[in-house]
Amino acid sequence: MKFQEFLQIVLQILTNWFVLGTLIAMLLIIAFANYVIRYKKKPKKKKKKNLAEAAPKPKKPAPAETTENEESEEEKE
């Protein structure tokens with residue numbers, strides 16, 4: 001068999017519709033499998049609460065220190 005005859009047979013095989021269809025189908029299947037293997041889910045995002053609810057509550061004021069004058073007034077009463 002000469003090289004030209006061999007080349008003609010290979011070209012006839014590669015241009016056959018069944019071979020082309022199978023090749024395209026296999027490429028799609030491999031691409032989809034590759035996508036599934038590399039797929040990563042995005043982490044869930046925390047839901048933001050309303051700004052009014054999320055705002056920090058005001059702190060209670062510290063008890064005022066009593067002065068000597070106030071202590072003496074309290075003792076008088």
Side-chain angles (χ1 to χ4, degrees):
M1 183 182 260
K2 294 181 182 177
F3 183 71
Q4 285 183 341
E5 293 174 359
F6 178 73
L7 188 60
Q8 287 177 354
I9 293 173
V10 170
L11 286 176
Q12 287 177 352
I13 291 172
L14 292 178
T15 56
N16 188 348
W17 290 105
F18 294 115
V19 174
L20 290 175
T22 305
L23 177 66
I24 291 171
M26 290 305 297
L27 288 175
L28 289 174
I29 291 170
I30 291 171
F32 179 71
N34 196 15
Y35 171 77
V36 170
I37 290 170
R38 297 183 189 275
Y39 180 77
K40 291 183 181 177
K41 280 189 174 181
K42 294 180 181 177
K44 291 184 179 180
K45 294 182 180 178
K46 294 182 181 178
K47 293 182 180 179
K48 292 184 179 179
K49 294 183 180 179
N50 292 338
L51 293 177
E53 293 177 8
K57 295 180 181 177
K59 296 182 180 179
K60 294 182 180 178
E65 295 180 17
T66 56
T67 60
E68 292 178 13
N69 290 339
E70 291 176 354
E71 288 178 0
S72 62
E73 289 177 9
E74 289 177 0
E75 291 175 2
K76 291 179 184 178
E77 292 176 6

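Small disclaimer: the values here were computed from a predicted structure and weren't measured.
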For residues 8-20, run the donor-acceptor check on the side chains, cut-off 3.5 Å, and write out each pair with its distance to 0.1 Å, sequence neighbours left out.
unit_1 : atom_1 : unit_2 : atom_2 : d
Thr15  : OG1    : Leu11  : O      : 2.7
Thr15  : OG1    : Gln12  : O      : 3.4
Asn16  : OD1    : Phe18  : N      : 3.3

Could you pull out every donor-acceptor pair under 3.5 Å between side chains of residues 24-33 and any protein atom, sequence neighbours left out?
none

The ring-ring contact (aromatic ring centres under 6.0 Å, His included) partners of Tyr39 (sequence neighbours excluded) come to Tyr35

